[in-house]
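Taking it in order: structure first as C-alpha cells, then the write-up.
Computed from heavy atoms alone, side chains included, the values below leave out hydrogens, waters and symmetry copies. Just so we're on the same page: letters track the sequence lines, and every chain starts at 1. This one's a predicted model, so the numbers in the text were calculated from it and none came from an experiment.
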2 protein chains.
Amino acid sequence: MLKYILLGFLNYSPMTGYDLKRIIDHSTAHFWHAYHSQIYTTLARMEDEGLLTSETDDSDDKLSRRVYTITPTGQAALAAWQRQPLTSLPHGKNELLVRLFFSADRKTEEVLDELRIQRRLHQQQLELYNHIYLDDYLNEAPPTEQQNVAREMVFWQMTIDFGRAYEQMYLAWLDETINKLTELD
Amino acid sequence: MLKYILLGFLNYSPMTGYDLKRIIDHSTAHFWHAYHSQIYTTLARMEDEGLLTSETDDSDDKLSRRVYTITPTGQAALAAWQRQPLTSLPHGKNELLVRLFFSADRKTEEVLDELRIQRRLHQQQLELYNHIYLDDYLNEAPPTEQQNVAREMVFWQMTIDFGRAYEQMYLAWLDETINKLTELD
DNA sequence: GCACACATGTAAGGCGTTACATGATTAA
DNA sequence: TTAATCATGTAACGCCTTACATGTGTGC
C-alpha cells in the first residue's frame, strides 16, 4: 500500500524520502501512516523494480538529498492500481474493543478511566480535523497544475470529512458507553 | 494482540485451536481477526512461554484434538495487560481513503462505481450487526458462570454497538460523498 | 461415493515497528 | 553552544497473509 502512496505523490513531482515523509505526516497520516525507515527501504525496492529512478542532488554543498522520480513503468503501475476497484472490506483492528470485550472481570471504575482517556484523545483528534488539517496540508502540498487543484481539493476534503465523521461517531459511542457503565453499579 | 484474545477466551475454559478460530470468527472478528495459521503458531509459542499447557485429547479414537489450558502465569499476563490502560490512538489504515485521495485524475464515473461497491458491502455489514451478530455469538460462546453472563453481555453489546455506529457513519459518509461526486460534472 | 465440517500444522514473504546509527545546517 | 530541523540509512523482530499440506468423521 505504501508503494502506491509514494507513486501517487511522486506522480505530482520528484521528491526525496524526507519530503515524502513530511508530506505523508501532513496528509495521509490519518488514514495511512509510515515511519521513515519503511519509506526509505520501500523507495529503494521500488527503484530496483524500475518504478522509480533516483539521483543525488549535490547543489547544496555537502547536504546529500536523493531525489526520486517516477518512471513510465511507475506511472503505469499507479494507473493499473487505480483502475482496479476495491471489492472487499478490510479486517478492522481495534485494540480498545478487544480490551472492552474482555473487561467483564475488571473493576468498572478502571474501565471508565480507560474510556475517559480515549475520550480525551479522540476529542483532540476531532479538533485537529476541525481547525488545522486542510491549511496544514495545503502548505506542504507538492506543486500541481492550477486547473487541477480545485478537483484535487474535492477529493482531499472527502478524506477529511471521513476523519471528522469517524471521530464524531467515536466520541458519541464513547459517551454512550461511559453512561451505560456509570449506571451499571 | 492475538495473544491476549487467546488468553481471554482460554480464561473462560480450555479449548483447541480450532474452537478458538470458530469463536473468534463469531465474536471478535469484526474488530480483530486471525487466520488459523496464526492461531496455531501463536498457541505453540505461548505454550513455550509458559502461558498455556496443552494435552492431546484421544477420547474419540483417531481424531486428535490438542486442548490448551491457561496457566497461572497466563492468567497473570492477562490481568497485567488489562490493568495497563490504552493511552494512545492507533494509526488508522484505510485503503479506500488512500485510493480516494489520489483519485483526482480518475474518471468520476469510475470512482463512483467503486464507492457504490463499498456502499453495498457496508450495507451488508450493517445488516449483519442488526440481525445476526448477538445470537450467533451466544450460540458459540464458551460456558461461563450464570451470574457473570449478564455483565459480560453488557461489554459484548458495547462492541456490537460500535460496529453498528461505525457502519452507519460509513454509509452516511459514502452517500454524502457519492452525492458530491455526482454533482461534480 | 462425495461433500462438508472437523482438526492441525508448516513455509514463505511482506508489512510494520522499534531501535540503532550517523552527520550537516540553522537559529536562539 | 546547544537544540531543532534537515537528511539518510540499517537491523532485528514480530505480526499478518497466502499458500501448501494432510487426514478423519458424518450425513446425504
Taking donor-acceptor contacts at under 3.5 Å, does the side chain of [X] reach the base of [N]?
X       : N      : value
B/His36 : C/dG9  : yes
A/Ser37 : C/dT18 : yes
B/Thr41 : C/dT10 : no

Output yes when at least one side-chain N/O atom of B/Arg45 is less than 4.0 Å from OP1 or OP2 of D/dC15, else no.
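Yes, B/Arg45 has a side-chain N/O under 4.0 Å of OP1/OP2 on D/dC15.
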Ignoring backbone atoms, establish whether A/Thr16 has a side-chain N or O less than 4.0 Å from OP1 or OP2 of D/dT8.
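So the side-chain polar atoms of A/Thr16 do come within 4.0 Å of the phosphate oxygens OP1 or OP2 of D/dT8, strictly under.
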Report the relative orientation of the aromatic rings in B/Tyr12 and A/Phe102; use parallel for angles under 30°, tilted for 30 to 60°, perpendicular for over 60°.
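Tilted, since the angle between the ring planes falls between 30° and 60°.
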Indicate the ring-plane relationship of A/His33 and B/His91, choosing parallel, tilted or perpendicular according to the 30° and 60° boundaries.
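Because their plane-to-plane angle is under 30°, the rings of A/His33 and B/His91 count as parallel.
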What nucleotide, of [options], holds the atom closest to the side chain of [X]?
X       : options               : result
B/Tyr18 : C/dT18, C/dC6, D/dT18 : C/dC6
A/His91 : D/dA7, D/dT17, D/dC15 : D/dT17
A/Tyr40 : D/dG9, D/dT17, C/dT17 : D/dG9
B/Gln38 : C/dT17, D/dC16, C/dG9 : D/dC16
B/His33 : C/dA5, D/dT17, D/dA7  : D/dT17

[atom1] of [X] versus [atom2] of [N]: gap in Å, rounded?
X       : N      : atom1 : atom2 : value
A/Arg65 : C/dA24 : CZ    : C1'   : 13 Å
B/Glu95 : D/dT17 : CD    : P     : 13 Å
A/Asp25 : D/dC6  : CG    : C1'   : 14 Å
B/Met1  : D/dT17 : CE    : C1'   : 19 Å
B/Asp19 : C/dT8  : CG    : C1'   : 12 Å
A/Tyr4  : C/dG14 : OH    : C1'   : 13 Å
B/Glu49 : D/dG14 : CD    : P     : 9 Å
A/Leu20 : D/dT8  : CG    : C1'   : 13 Å

Do A/Leu43 and A/Leu52 have side chains that get closer than 4.5 Å, going by heavy atoms?
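Answer yes - side chains close enough.
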Are side-chain heavy atoms of B/Tyr166 and A/Tyr166 found at a separation under 4.5 Å?
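Result yes, sub-4.5 Å side-chain heavy-atom pair found.
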Using a 4.0 Å heavy-atom cut-off across all strands, classify B/Lys93 as base, sugar-phosphate, or nothing.
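It contacts sugar-phosphate atoms only.
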So A/Lys3, base contact, sugar-phosphate only, or nothing? Heavy-atom distance under 4.0 Å.
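Touches nothing.
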Matching residue for A/Glu127 among A/Gln124, A/His131, A/Gln123 - test: side chain to side chain donor-acceptor pair (under 3.5 Å):
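One option only clears the test, and that one is A/Gln123.
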Point-to-point distance, once rounded to the nearest 0.5 Å, from CD of B/Glu167 to OH of B/Tyr129
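Here the interatomic distance stands at 5.5 Å.
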Select from A/Ala34 and B/Arg66 the residue whose nearest nucleotide in DNA chain C is closer to the 5' end of that strand.
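Comparing both residues, the 5'-ward one is B/Arg66.
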